[in-house]
2 protein chains.
Amino acid sequence: MPKDRVPRPLKRKVLAKKNRQALINATLSSVAELGVAQTSVTEIVNRAGLSRGMIHLHFGGKENLLVAAAKQSAERYFDVLDKFLEAAGAKPQEIVAAVVNADLDESVMNPGSVKIWYAFRGAARDRAMIAQFSDTRDARLNNLIYRAFREICDQSQIPDSSTVARDATHGTLALLEGMWTDYLLHPDLFDRQIARRIVFRFLSGILPDHFELPR
Amino acid sequence: MPKDRVPRPLKRKVLAKKNRQALINATLSSVAELGVAQTSVTEIVNRAGLSRGMIHLHFGGKENLLVAAAKQSAERYFDVLDKFLEAAGAKPQEIVAAVVNADLDESVMNPGSVKIWYAFRGAARDRAMIAQFSDTRDARLNNLIYRAFREICDQSQIPDSSTVARDATHGTLALLEGMWTDYLLHPDLFDRQIARRIVFRFLSGILPDHFELPR
DNA sequence: GGCATCAGTGGACGTTCGTCCATTGAAGGG
DNA sequence: CCCTTCAATGGACGAACGTCCACTGATGCC
């Protein structure tokens, strides 16, 4: 280290950004532990070690902070998904496998993230801003694997291939959704290997020539 | 009607029971429409057309009323399930089919019931009394179809039949769970026939000689 | 080094919540 | 028919909530 080059990033604006992020982190922590309903302004600022006024200062109100926290949480999911998709090949089977593996990976399916996801989705009933994130995720996953299944079906001699592609999409997403719920309710009993195997049992059952059970 | 035999059921006690039930109904109505968090004492008594003090009088507090409402809601589910099981035969395939058909039937999977179910399960995090109903339902369904799958697997020459029975149980319940979530989020787009077909695609894929696709 | 700026503070405020109880009035027994 | 009983009432109450603002003090520019 030839020069202790402190580029002076610790100006007031930078510190403010850090506090803003601390509020989001504290919110996510509280939502994971207590749920949205029990996440009060007092609870958030205590966890962040900041004063009550900070929420109004940085976000204009508690509601906007919740939306920002939900947004960040959703982005984390897509970051991991994109990483899995980049690592996968272009074959439709690989895309489907990437989605399944990403969805069951510990980096997105962990106690904190899963509790946050369901807490926000439960609260989405009255908050359109939050519901949007839930719908966006579902729609994107749906599109992604439907295209893949469609490609598989079109290249094969499958009767009624359109129906099969739709059923495969619908079934895979429903199965993953059920696995997440299972993980939410019994995180200690959950086994990712088994969950993956069951999803591939479904896939190899519906498209026997294109998917096979993992060893 | 020879004698207009009014057995005097409209005494004070009977009226009290009616009001007690009115409070439960108002609670379920509010939970379905607004969620648990937004279901306040004021909201409940307004819907029931009764006075504020009634909740404390009949239930000793709001919390006990929520528990009573959740309990009644869970009992409704089992009533329908039992009806389907009674109508089914004793063959394990019929038992599995009865559970699937009951779970997707309009009498339990309808907008109100599904919203109530997820609202209570979301609120169950802090309320052990309510979580109990959720766990009881899951455990009972699990037992029911695991026995059925086990019977099917034991009577066949399936390699690793224990694992298959467990995967079939786990997968079927996860798939149904995902279908409920799907219905919760998009009740207008949901198609029971398709949902049923997808579940049976899974079943016929995992146990090809014992289940087949419905026409 | 002194002054303007503004991120940060924390208490005041009005609202809404669930609980509880003094009071009411119709039912039901004598 | 009157008197007891008790389901039912609705307002009072303290606690907890989110919002907001007058104030503070460290920072950054001249």
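For clarity, every value in this text was computed on a predicted model and none was experimentally measured. Hydrogens, waters and symmetry mates are skipped; everything else that's a heavy atom, side chains included, is used. Residue numbers start from 1 in every chain, and the chains themselves are labelled A, B, ... in the order their sequence lines are given, proteins ahead of strands.
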Using only side-chain N and O atoms of A:His58, determine if any of them is under 4.0 Å from OP1 or OP2 of C:dG8. yes

Contact under 4.0 Å: B:Asn19 side-chain N or O vs D:dA7 OP1/OP2: no

Check the surroundings of atom CZ in B:Arg147: do more than 12 heavy atoms from other residues, nucleotides or ligands lie under 6.0 Å from it? no

If you only use heavy atoms from C-beta on, which nucleotide in C:dC6, D:dC17, D:dT9 is closest to the side chain of B:Ser51? D:dT9

What's the shortest heavy-atom distance between B:Ser30 and B:Arg47, and which atoms? CB-NE, 3.5 Å

Name the closest nucleotide to the A:Leu57 side chain, picking from C:dA27, C:dC20, C:dG8. C:dG8

Quickly work out the A:Leu23 CG to C:dT9 P distance and round it to whole Å. 10 Å

Take atom NZ of B:Lys17 and atom P of C:dA27, then tell me their distance rounded to the nearest Å. 21 Å

Send over the distance from B:Gln38 CD to C:dT16 P, rounded to a whole Å. 12 Å

How many Å lie between CD1 on A:Ile55 and P on D:dG18, as a whole number? 8 Å

Do B:Ser73 and B:Phe133 have side-chain heavy atoms sitting under 4.5 Å apart? no

Take the protein atom CG of B:Leu66 and the nucleotide atom P of C:dG18, then report the distance between them rounded to whole Å. 9 Å

Can you say whether the rings of A:Tyr118 and A:Trp180 are parallel (under 30°), tilted (30 to 60°) or perpendicular (over 60°)? tilted

Gap between atoms CZ and P, on A:Arg52 and D:dT19 respectively (whole Å): 10 Å

If you check the A:Lys62 side chain, which of D:dT27, D:dT5, D:dT19 turns out closest? D:dT19

Look at the side-chain N and O atoms of B:His56 and state whether any lies under 4.0 Å from the OP1 or OP2 oxygen of C:dT19. no

A:Arg127 versus A:Leu66, closest heavy-atom pair with distance: NH1-CD1, 3.5 Å

Could you check which of C:dG25, D:dG18, D:dT9 has an atom nearest any side-chain atom of A:Val41? D:dG18

Rounded to the Å, how far apart are A:Leu65 CG and D:dG18 P? 11 Å

Given D:dG25, C:dT19, D:dT9, identify the nucleotide with an atom nearest to the side chain of B:Leu50. D:dT9

Could you state the atom-to-atom distance from NZ of B:Lys13 to P of D:dC6 in whole Å? 8 Å

Considering only heavy side-chain atoms of A:Met54, the closest of D:dA8, C:dG18, C:dT9 is C:dT9

